[in-house]
> 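Right, I'll just put the structure down here and ask away after.
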Amino acid sequence: MMSALFPTYAKWEIQAEKGSGAVLTDVDGKEYLDFVAGIAVCNLGHCHPKVLASVEKQLEKLWHVSNLFQLEGQEKVAQMLVDHSVGDYVFFSNSGAEANEAAIKLARKATGKHHIVTLNQSFHGRTLGTMAATGQEKIHAGFGPLLQEFTYIDLNDIHALEEAVTNETAAVMVEVVQGEGGVCLMDQEFADALKKICEAYGCLLIIDEVQTGIGRTGTAFAYEQWGLSPDIFTLAKGLGNGFPVGAMVGKASLKDAFGPGSHGSTFGGNPLAMAAAEAVLTEVFAADMLKAVSAKGDWFMKKLEQHLASLSIVKEVRGIGLMIGIACEIEVAPMIKACREGGLLVLPAGPNVIRILPPLVVTEQQIESALAILVEVLTKTDNKQQIHA
Ligand SMILES: *Cc1c(COP(=O)(O)O)cnc(C)c1O
């Protein structure tokens, strides 16, 4: 296809026209089960009626005035975030990378140091700062020199963590479940060590919840399930259900480091974004929502294990809540394409992992349908491998 776009994305062949819940319809009327959800963005499904109504109402009142004004929406959303988390203050951005930039800047300013420890296979964004924080060479390639000074260690390598953190370390920045890196979960022992080491050296713990936050893993924020209490955590993807918005949440001790004039954003926390976020948080924090995410996720993962564990191409089914990975022995791209052709949208995470991120409102029946397609595609692929072997 002729296109005037920079070819930065390996695009799919689908042109989506409309969406409702977990179902996406393309311009030819073909329906797909959307277990990508805009990459963990549309957690409440496409065109959620409450989010739609909230944004529509705001559209008719006021779109933008800048952060020079008192903004009731920001106050409300910030209060909801701090009421449901270990944080005390919120800064709004437009994206995950910007939320992480704010976290890196705040960590530097609050500590007066600039050494930050991050993980290999992490993903924190594409700006110059967050790209340097990201421990993946393929994301750095051609863009150097990188922002100083990051040390990358392997997830769950406690010894490497002990070696990397010094008195000169401003922060350790991690995802508790690496999304882009392959749906890799942090060990509890590593989380415990992280807590201890950050306390011992007085460095900040930053948790990137851009993908794991907003109910994705079955709790409001994933760090809860590891008993962690980050000094700073960041949000974006699921916060606006498709309306661009991000947030950095920090503890009270950091307040003075981010005084007037220290940081900012023209669009960050704009009234439309806040209308979306307020409706999203109201839904996600509602009584039974998160329990249902855990229950559906556990059931889905158990079924996947039952049906796929015997296949020789499958290494492991892993995940938490509705963030699930099928780690394979082979490259997954052809299987993801076959799922798409069968009417199911799923994602890769690295070359060998199929990543599954349905909207949190997915029904059991939709999970069953998705399961049937996955089992068929993976079983067929496995059979072919056996023949070729
Ligand atoms: C997607 C993602 C980001 C980057 O968010 P953008 O909105 O694309 O800038 C950062 N961290 C994690 C963990 C992510 O999954």
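Order of appearance sets the numbers: ligands from 1, and atoms from 1 within every ligand. Predicted, not measured: the structure shown is a model, and the values here were computed from it.
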> Would you please say whether a donor-acceptor pair under 3.5 Å links the side chains of K296 and T363?
no
> Looking at atom 7 (O) of ligand 1, would you say a protein heavy atom lies below 4.0 Å from it?
yes
> In the protein, which heavy atom is nearest to atom 9 (O) of ligand 1, and how far is it?
A97 N, 2.8 Å
> Mind checking whether E376 and K380 have side chains closer than 4.5 Å, heavy atoms only?
yes
> Does ligand 1 have a heavy atom under 4.0 Å from the side chain of E175, from its backbone, from both, or from neither?
side chain
> Determine the interplanar angle of the H140 and Y152 rings, folded into 0 to 90°, and report it as parallel if under 30°, tilted if 30 to 60°, perpendicular if over 60°.
tilted
> For residues N352 and I330, determine if any side-chain heavy atom of one lies less than 4.5 Å from a side-chain heavy atom of the other.
no
> Examine the side chains of S20 and H46 and answer whether a donor and an acceptor come within less than 3.5 Å of each other.
no
> Using a 4.0 Å cutoff against the non-hydrogen atoms of Q211, which atoms of ligand 1 qualify?
15 (O)
> When you compare the side chains of N100 and T130, does any donor N or O come within less than 3.5 Å of an acceptor on the partner?
no
> How far is atom 5 (O) of ligand 1 from its nearest protein heavy atom, and which residue and atom is that?
G96 CA, 3.4 Å
> Please work out, at 4.0 Å between heavy atoms, whether the side chain, the backbone, both, or neither of N100 comes within that distance of ligand 1.
side chain
> If we ignore angles and hydrogens, is there a donor and acceptor under 3.5 Å between the side chains of Q386 and S312?
yes
> To which of E101, Q178, K237 does the heavy atom nearest atom 14 (C) of ligand 1 belong?
K237
> Look at atom 12 (C) of ligand 1 and say which protein heavy atom is nearest, naming residue and atom and giving the distance to 0.1 Å.
F123 O, 3.3 Å
> Within ligand 1, which atoms have a heavy atom of S95 less than 4.0 Å away?
7 (O), 9 (O)
> Identify the protein heavy atom lying closest to atom 11 (N) of ligand 1, giving its residue, its atom name and the separation to 0.1 Å.
D208 OD2, 2.7 Å
